[in-house]
Structure formats: structure tokens, C-alpha cells
Amino acid sequence: MPKKRDRDFLRRWEGNPIITLEDIPFRCNTVFNGSPVKVDGKYLLLLRVEGQQGYSIFALARSKDGYHFTVDEKPVMTPVRTGPFSKYEIKGIEDPRITLIDGIYYILFTAFSKWGPRIEIAKTKDFKKYERIALISEPGNKDGVLFPEKIKGQYVRLDRPIGKTIGSIWISYSEDLIHWGSHKVILTPRFGFWDSFRIGASAPPIKTEEGWLEIYHGIKTTNSGSIYRIGCALLDLTDPSKVIARCDEALLSPREYYERIGDVNNVIFACGAVVEPSGEVKIYYGAADTCICVATAQLDELIQRALKK
Ligand code: BMA
């Protein structure tokens, strides 16, 4: 048999998908778009789970090796139905992204309501108690990721507001994680490329000697719908509004059946990555809005890819 060529830059784990509907202990419609974090050598994955009512909640999965996960019996965050956040979470909470700063895990996620998506921020110290902090964008915004440290004394985030149907990656700054300003567009869709329609931040930025590595998603439209892929870019360490480099080719494209066919076909959508001491980066992604998968690359390889070397 001739050797099957791997057409993608990221290496899929051979046991993909790692979490499917069968692994969720409670009744639901689908599981996708998980954000990982490594705590004391063990892996936690905060999952977006869509209930059979049609809206999403978060569940927590745990693993010793980053590949075999067990999902907790009950969801850990559900849309609140009373209080100031409730009217903005009516249609659910989606796509969590976790960032650790000074012992606190901040979770940026999409709060959905009849006004559209807004970015909300919550925090946890122990993944047992979760506390909402604030809604930090107006509607029409999602894909919020927080940098893992303050830069020049300020918190920094990336997000994806939509204006005139164009979704680009913007940067904003804050003193207190609640009030944000100095909004600026930094990366836009590229005509003629795999990321020609819309782009958004995927994983919280990873600090490297060459700059902040941002793993982002790009969308191309076709006659039969959108194709979601993964790419990467490097941002300047001291001024992350400056883009140093950006990959030309996608790192991972929907190819396997579980990426091609599901509730939404042809989707690879990452919400985070774990960098191992060996330099291996485990990128966790939702496939076809129907399951969770993992693919890997060395950190150096991703940097070289962005630099087009
Ligand atoms: C995006 C987000 C993701 C989803 C993707 C593909 O806009 O809503 O949660 O995976 O679309 O449907």
C-alpha cells in the first residue's frame, strides 16, 4: 500500500475524536470547542455543550495524558436566569477561552441573546466555583482571548467585532478587565486566501521569544457553505498591535469525516492550546460542531510557519 500523505501541517492524534456525545454523562445535542489548561500536570478542558433545547452551556473534562478525557457528571456553567447577566445569556454561553494570570483562571466567552453575541468574562480559582465579572463588549462581538500577562501595565485582549459583515481581529486594552478601550484592528481577512471571508482569535496568545503566537481561525466561503481552518500569526511582544508575521497556508483544514460532517460541516475551530515542556503544542479543536479533537506541532515549527521559513 502506498503511504498516505498527510496534507496538513498539524498532526492529528490518531485517536481523534477525543470527546463525542457518547462521553457526555447528561442528555445533550452536541459537544464542541473546548478550552484546555494544564493544572498540576493534569489537563482540564472546558467544553461547550449544546443542550437539546438548542442553547449551549459549559462542562468540564479531565485527563491525565491530554488525550483520554472523562467529563464531569454535571455542567459547570449554565446561562444565568436572574440578575444583570441573564438577559444577555438567554440564548446560551459559547466558546470559552481560559487564560491564567496570577493564580486566577479568567474565562472569556460569548454570551448570546436576541441582540447577538457579546463577550463576557468570568473567573475561577479552582474550577469548582465560577464567578461572572462583566460583559465587556457590545453585541456583534465574539472570539475574545486574553493575553496571559499585563503589557505596559494593561490587560490586553483580542476579539472579533463585525462591521459591514467583515470579521477581523481587533485589540483592546484595560486597567481592570471591566472597562476596555483603545480598540484597533490588527488582522483582517485576506482576499484570495483560505482566510478570505472572516477571521477571529482562537487560542489565547502564547508568549515566545519571537513574539506572541496567535493561533486563529479563518473562514473561506464556497458554493456549499463556509470552511473553517486554523492559522497562526506573530504579534510584537511589547506592542501586540504590531503584526510581525502571518502564515500564508492554513495549518489544518477539514479533511477527516469527523471534521467534514456534523451539525455544521467543514469546521475546525480551536479555543486553546497547551504548550508542553518539550515544546510540543497540543491544539484542541471542535470538529464540525460535533466533537472535540486534538492536533499537535512543535512551538518552533509554528513560529517558522508564521515567519514563512
Ligand atoms: C462560529 C462560532 C463557533 C462555531 C463556528 C462554526 O461563529 O459560533 O462556535 O464552531 O461558528 O459553526
Side-chain angles (χ1 to χ4, degrees), residues 16-21 24 28-36 45-51 54-59 77 79 88-98 107-120 137 139-145 158-163 165-170 187 189 194-204 215-222 224-231 250 252-256 258-273 283-295:
N16 276 348
I18 58 170
I19 302 176
T20 68
L21 197 55
I24 308 297
C28 57
N29 178 54
T30 181
V31 52
F32 55 121
N33 303 355
S35 187
L45 199 45
L46 193 61
L47 306 170
R48 171 177 175 187
V49 175
E50 190 187 87
Y55 61 77
S56 293
I57 55 143
F58 299 155
M77 279 182 79
Y88 303 106
E89 297 184 5
I90 288 280
K91 285 172 77 179
I93 51 177
E94 305 181 352
D95 302 348
R97 271 96 169 191
I98 304 170
I107 305 162
L108 269 63
F109 60 96
T110 305
F112 232 110
S113 70
K114 65 179 175 187
W115 294 286
R118 294 184 70 182
I119 300 172
E120 191 170 324
S137 82
N141 205 337
K142 49 165 71 171
D143 301 326
V145 297
L158 303 176
D159 61 15
R160 196 221 60 187
I162 291 222
T165 76
I166 300 173
S168 302
I169 298 178
W170 290 58
L187 283 159
W194 60 274
D195 50 3
S196 56
F197 178 55
R198 276 181 192 159
I199 59 168
S202 273
I215 296 166
Y216 71 95
H217 58 271
I219 309 169
K220 180 181 171 175
T221 50
T222 73
S224 55
S226 300
I227 303 178
Y228 282 70
R229 299 182 170 99
I230 293 179
L252 193 66
S253 299
R255 244 173 263 291
E256 301 293 334
Y258 50 81
E259 298 162 343
R260 288 267 190 215
I261 296 159
D263 274 12
V264 182
N265 294 343
N266 294 313
V267 174
I268 287 181
F269 194 93
C271 281
I283 300 174
Y284 292 87
Y285 64 96
D289 285 5
T290 299
C291 58
I292 301 276
C293 300
V294 62

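One is the number of the first residue; the rest follow in order along the sequence. Order of listing sets the numbers, starting from 1, for every ligand and every atom in it.
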Considering residues at least two apart in sequence or located in another chain, which fulfil the ring pair (Phe, Tyr, Trp, His ring centres under 6.0 Å) criterion with Phe109? Phe58

Nitrogen or oxygen contacts under 3.5 Å, ligand 1 side and protein side:
{"residue": "ligand 1", "atom": "7 (O)", "partner": "Lys142", "partner atom": "NZ", "Å": "3.1"}
{"residue": "ligand 1", "atom": "8 (O)", "partner": "Lys142", "partner atom": "NZ", "Å": "3.3"}
{"residue": "ligand 1", "atom": "9 (O)", "partner": "Asn33", "partner atom": "ND2", "Å": "2.9"}
{"residue": "ligand 1", "atom": "9 (O)", "partner": "Arg48", "partner atom": "NH1", "Å": "2.6"}
{"residue": "ligand 1", "atom": "9 (O)", "partner": "Asp95", "partner atom": "OD1", "Å": "3.0"}
{"residue": "ligand 1", "atom": "9 (O)", "partner": "Asp95", "partner atom": "OD2", "Å": "2.7"}
{"residue": "ligand 1", "atom": "10 (O)", "partner": "Asn33", "partner atom": "ND2", "Å": "3.0"}
{"residue": "ligand 1", "atom": "10 (O)", "partner": "Asp289", "partner atom": "OD1", "Å": "2.6"}
{"residue": "ligand 1", "atom": "11 (O)", "partner": "Tyr228", "partner atom": "OH", "Å": "3.2"}
{"residue": "ligand 1", "atom": "12 (O)", "partner": "Asp289", "partner atom": "OD2", "Å": "2.7"}

Counting distance only, does the side-chain N/O of Asp195 pair as donor-acceptor with the main-chain N or O of His217 below 3.5 Å? no

Could you pull out the closest heavy-atom pair between Gly272 and Pro204, with the gap in Å? CA-CD, 4.1 Å

Are the side chain of Thr110 and the backbone of Pro117 linked by a donor-acceptor contact shorter than 3.5 Å? no

My understanding is that only residues two or more places apart in sequence, or in another chain, count here; which of them pass side chain to side chain donor-acceptor pair (under 3.5 Å) with Arg97? Asp143

Any residue meeting salt bridge (Lys or Arg N to Asp or Glu O under 4.0 Å) with Glu50, in chain and number order, not counting sequence neighbours: none

